[in-house]
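All values below were derived from every heavy atom in this structure, side-chain atoms included, with hydrogens, water molecules and symmetry-related copies excluded. Each chain gets a letter, A, B and so on, in the order its sequence line appears, and its residues count up from 1.
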Amino acid sequence: MSGTTSMKYEELYATLRRRGILWPTAEIYGGAQGLYDYGPAGARLKRQLEEAWSAWFVGLSEDFHRIDPSEILPEAVVRASGHLENFTDPEVICAKCHGHFRAETVLEKFRPEGVDGLSPAQIGELLHQFPVKCPQCGSTELSVPQPFNLMFGFPFGAAGGERAYLRPETAQSSYLAFPRMWDVGRHALPLGIAVVGRAYRNEIAPRQVLFRLRAFTQAELQVFFDPETFRPPFVSVADESLPVLRVARRLAGEEAPEWRSARSLVEDGLPEFYVFFLVHQYRFFRDVLGYPKESIRLFEKSETERAFYNRIQFDFETKLESLGGYKELGAIHYRGDYDLSRHGKGSGKDLSVVLEGGRRVLPHVLEVTFGVDRNLWALADYGLSVEGDRTVWHLPPYLAPTSVGIFPLMKKEHSAEARRWTDEIQKAGFEAEFDAGGSIGKRYARMDELGVPYCVTLDRDTLAAETPERRTATLRDRDSKAQERVTLSELLNRLASSRVAPRPPTLDSFE
RNA sequence: GCGGUUGUGGUCUAGUGGUUAGGACGGUAGCUUCCCAAGCUACCUACCCGGGUUCGAAUCCCGGCAACCGCACCA
């Protein structure tokens, strides 16, 4: 359609607020940085998105399971995971080469007693006081990252002597669950543990609504596997083309991805299992969420950019008009055995497992992450478009917070029957919204803006039918505006099939 | 966290010390209308919060909160 435009950031956010998708937490008190509440439509959309993610990733194998662990973790956990280290090991960062170094190391010549207990500001002063140089590039432009720790910590227990933390990432919960999950499962690898839930970080500068939150929802799948035997069915994905931006190409100054076959990435040296999951996540973005494939980029992180325990890391980025560039919406990290090894040491428990045949291994972890809030924003960014005088949210029907709008053409004459249809549709398990306000065109417009894929209008012909079963109404499609007559049972069938998202073959079907 | 800019109904906004704080869109109710934001009538909703200056503050000053832009940060 001509005259179609996407929305700018402020306009997009205003639309989401106006339609009750989301708004600032504690709005009547002026809001709070980095905290947002989802309204009825937003909460439903978020739930649909989470379920779609689960169906796609957890549905990959019968040995992949979703759990619902605690959001509060005892201190021992975050100490073992390394999240607490920054408390006692503040880092300095080189502005030139972006290297990270422990403040203690950089300052040891000038301050042998160490830096324990010093504030970031005090360490910053020391950096000025002494001729401190970057150990990597020799630059003197060193700065202190702050605050030290982005975790929310608090006293735990009645005596208050212990401390606990809101989890800074959901992944830790899955690592902790591994031994129990191994016991209750069928003692085989790979074993997948998924968590969809909130994580909390006391971000220095929350920005851009859903992109840097202090409380945010992650969907993460941790795949525990035996590095010697893990062989997902790579041939089934080998011909897929992926828009990748590898490190070497980036260093040459390129920002655009190049299309590479999965096979060629393996020939480059990436493990088959890793590329298999790259394809799987890419297809989720493209086929389930419907992001335009030209806007997706699989951005490889270099050794200095990624966390040291990540052996391979690609961020899934998409180009968002509303935010003026590529934004990270997910990632895949090959973490080796770092996590189980850390928690093994921290807890004093042996977290290795004995496989069929008697071989003992400490499983490796492949982490597939997905930012639920960010992707909700991306769905709005790609889907919401202004077309002439109407605004349409082209949401995939299986993600839409409301499946169908039900209207009486004439409020007085047709409301009773429209209410009856609404009840029947809701009883069948679909989200249906009755609307008799304003003119018929206004109701269509309201539903379009909320991404409701179908509207049904009941009129005098509906009531003219001889039996209730033969009553038909106008079914109108959001994207094409095309109309057709359907009976209630035809409508229910249509809704049922519209709720089905694309599904891939499972790992098990290849066994 | 630092610097700059900003803060008026749900949304967009008019209003530079005295206004019944105006409009548009929106919402609600009624009338009308047999299919895409039509029309008519009525109604609804606002000066971010707290201090100060002043006879009088949406308007000037200070503080807070929040948003936007830039920098930094994002383990």
Side-chain angles (χ1 to χ4, degrees), chain A residues 8-11 13-20 23-36 39 78 81-87 89-91 93 95 98 100 102 119-121 124 141 143-151 168-169 171 201-209 211-214 216 305-310 315 323-324 327-328 333 371 386-392 405 407-414 435-449 455-464 473-478 480-485:
Chain A
K8 284 286 160 213
Y9 171 75
E10 300 262 13
E11 196 187 350
Y13 179 36
T15 303
L16 295 177
R17 253 179 304 154
R18 186 162 45 77
R19 297 312 307 264
W23 55 78
T25 295
E27 203 174 2
I28 59 170
Y29 287 97
Q33 267 188 51
L35 300 177
Y36 292 86
V78 293
S81 69
H83 286 96
L84 201 53
E85 265 173 42
N86 287 344
F87 264 141
D89 280 341
E91 289 182 314
I93 293 175
H98 302 290
H100 288 53
R102 295 174 62 204
S119 73
E141 293 175 46
S143 65
V144 187
Q146 52 181 315
F148 279 168
N149 201 286
L150 266 39
M151 284 193 295
E169 59 179 23
R201 295 179 195 180
N202 198 5
E203 292 287 356
I204 301 167
R207 285 279 168 95
Q208 297 179 316
V209 193
F211 272 76
R212 180 120 33 113
L213 295 166
R214 288 189 167 139
F216 58 103
E305 289 165 335
R306 61 183 189 247
F308 69 91
Y309 47 77
N310 280 335
D315 284 352
L323 298 177
K327 290 287 168 184
E328 181 194 344
H333 307 130
V386 180
E387 302 173 1
D389 60 352
R390 70 182 194 133
T391 303
V392 188
F407 315 144
L409 187 57
M410 301 298 298
K411 191 175 183 177
K412 279 183 195 158
E413 283 100 279
H414 314 120
D435 188 357
S439 67
I440 189 76
K442 190 163 272 191
R443 296 176 214 156
Y444 283 139
R446 275 197 286 253
M447 294 295 164
D448 286 343
E449 197 181 32
C455 293
V456 171
T457 303
L458 291 81
D459 56 22
R460 68 164 71 108
D461 292 338
T462 309
L463 298 178
T474 306
L475 174 66
R476 179 260 200 187
D477 180 81
R478 177 195 63 204
S480 67
K481 292 161 89 176
Q483 303 193 343
E484 59 181 304
R485 294 297 287 198

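- One can place CG of A:L323 at 13 Å from C1' of B:C68, the figure rounded to the nearest angstrom.
- Rounding to whole angstrom units, CZ of residue A:R460 and C1' of B:C35 are separated by 12 Å.
- A:T15 is listed as a side-chain neighbour of A:R18, based on a closest heavy-atom distance under 4.5 Å.
- Contact annotation: A:Y29 does not reach the phosphate of B:C65 (side-chain N/O to OP1 or OP2, under 4.0 Å).
- If you take atom C1' in B:C48 and the same atom in B:G70, they sit 24 Å apart, rounded to whole Å.
- When heavy atoms are screened at a 4.0 angstrom cut-off, A:K8 is found touching no nucleic acid atom at all.
- Judged by distance alone with a 3.5 Å cut-off, no donor-acceptor contact links the side chain of A:E203 to the base of B:C74.
- Applying the Watson-Crick and G-U wobble criteria (two distances, each under 3.5 Å), B:G56 pairs with nothing in any strand.
- A straight line from NE2 of A:H414 to P of B:C34 spans 10 Å, rounded to a whole angstrom.
- Rounded to whole Å, the separation between the P atoms of B:C62 and B:G7 comes to 15 Å.
- When distances are taken from the side chain of A:R212 to each of B:C35, B:A37, B:C73, the shortest belongs to B:C73.
- Among the atoms of the strands shown, only primed sugar atoms or phosphate atoms (P, OP1, OP2) are found under 4.0 Å from some heavy atom of A:I440.
- A:R485 and A:D459 are joined by a salt bridge, as a carboxylate oxygen and a charged side-chain nitrogen come within less than 4.0 angstrom of each other.
- Within the nucleic acid shown, A:A205 comes within 4.0 Å of at least one base atom, counting heavy atoms only.
- Taking the C1' atoms as reference points, B:A46 lies 10 Å from B:G10, given to the whole Å.
- Within the 4.5 Å cutoff, side-chain heavy atoms of A:E169 are placed close to those of A:H83.
- At the heavy-atom level, A:T391 lies under 4.0 Å from base atoms of the strands shown.
- Atom NZ of A:K411 is separated from atom P of B:C31 by 8 Å (rounded to the nearest Å).
- Following rounding to the nearest Å, A:R19 (CZ) and B:A37 (P) show an atom-to-atom distance of 16 Å.
- Across all strands shown, B:A46 forms no Watson-Crick or G-U wobble pair with both key distances under 3.5 Å.
- For A:Y36, whose side chain is taken as the heavy atoms from C-beta onward, the closest listed nucleotide among B:A67, B:A75, B:C68 is B:A67.
- At the heavy-atom level, A:R306 lies nowhere under 4.0 Å from the strands shown.
- The same atom, P, is picked in B:A38 and in B:G27; the two are 9 Å apart, to the nearest Å.
- A:R390 places its CZ atom 15 Å from the P atom of B:A38, with the value rounded to the nearest Å.
- Comparing B:C35, B:A67, B:U11 against the side chain of A:R17 picks out B:U11 as the nearest.
- Using a 4.5 Å heavy-atom cutoff, the side chains of A:M447 and A:R443 are not in contact.
- The residue among A:P206 and A:E413 whose nearest nucleotide of RNA chain B is located toward the 5' end is A:E413.
- Nucleotide B:G30 forms a Watson-Crick or G-U wobble pair with B:C40, both donor-acceptor distances falling under 3.5 Å.
- Distance from the side chain of A:E10 is smallest for B:C68 among the nucleotides B:C68, B:A75, B:C35.
- Not one side-chain nitrogen or oxygen of A:K412 sits closer than 4.0 Å to the OP1 or OP2 atom of B:G30.
- For the pair A:Y13 OH and B:G10 C1', the interatomic distance rounds to 13 Å; values are reported in whole Å.
- For B:G27, the OP1/OP2 oxygens have a side-chain nitrogen or oxygen of A:K442 closer than 4.0 Å.
- Rounding to whole angstrom units, CD of residue A:E27 and P of B:C65 are separated by 18 Å.
- Counting any heavy atom pair closer than 4.0 Å across all strands shown, A:P24 reaches no nucleic acid atom.
- No N or O donor and acceptor, one from the side chain of A:R18 and one from the base of B:C12, sit under 3.5 Å apart.
- With hydrogens and angles ignored, the 3.5 Å screen pairs no side-chain donor or acceptor of A:R460 with any backbone N or O of A:L409.
- A donor and an acceptor atom never sit less than 3.5 Å apart when one is taken from the side chain of A:R443 and the other from the base of B:C36.
- Distance check on atom P: B:U6 versus B:C31 gives 49 Å, rounded to whole Å.
- At least one donor-acceptor pair closer than 3.5 Å links the side chain of A:R214 to the backbone N or O of A:E203.
- Proximity of a side-chain donor or acceptor of A:R201 to a complementary backbone N or O of A:P168 within less than 3.5 Å is detected.
- A:V78 is listed as a side-chain neighbour of A:M151, based on a closest heavy-atom distance under 4.5 Å.
- Ion pairing of A:D448 with A:K481 is absent here, as no side-chain N (NZ or NE/NH1/NH2) approaches a carboxylate O to less than 4.0 Å.
- A donor-acceptor pair is defined here as one N or O able to donate and one able to accept, closer than 3.5 Å; no such pair exists between the side chain of A:R212 and the backbone of A:G34.
- When the P atom is compared between B:U59 and B:U8, the two are found 13 Å apart, to the nearest whole Å.
- Spacing between B:U33 and B:C12 at atom C1', rounded to whole Å, works out to 29 Å.
- Partner assigned to B:U19 is none, using Watson-Crick or G-U wobble distances below 3.5 angstrom.
- Comparing the same atom, P, in B:C2 and in B:C73 gives a spacing of 16 Å after rounding to whole Å.
- Taking side-chain N and O atoms only, A:Q33 has a distance below 4.0 Å to OP1 or OP2 of B:A66.
- Checking B:U11, B:C35, B:C73 against the side-chain heavy atoms of A:I204 singles out B:C73 as nearest.
- Considering only the side chain of A:R201, B:C74 comes nearest among B:C74, B:G1, B:C36.
- Where A:R207 and A:D448 meet RNA chain B, the nucleotide closest to each residue was compared, and A:D448 sits on the side nearer the 5' end.
- A close approach under 4.0 Å does not occur between any side-chain nitrogen or oxygen of A:S439 and OP1 or OP2 of B:A37.
- Base pairing of B:G70: its partner is B:C2, meeting the Watson-Crick or G-U wobble criterion (both donor-acceptor distances under 3.5 Å).
- Closest to the A:Y444 side chain, of the nucleotides B:A38, B:C35, B:C34, is B:C35.
- Heavy atoms of A:F308 sit nowhere under 4.0 angstrom from any nucleic acid atom.
- Base pairing analysis places B:A24 opposite B:U11; the two distances defining the Watson-Crick or G-U wobble pair are each below 3.5 Å.
- The side chain of A:T474 has B:C35 as its nearest neighbour among B:C34, B:C35, B:A75.
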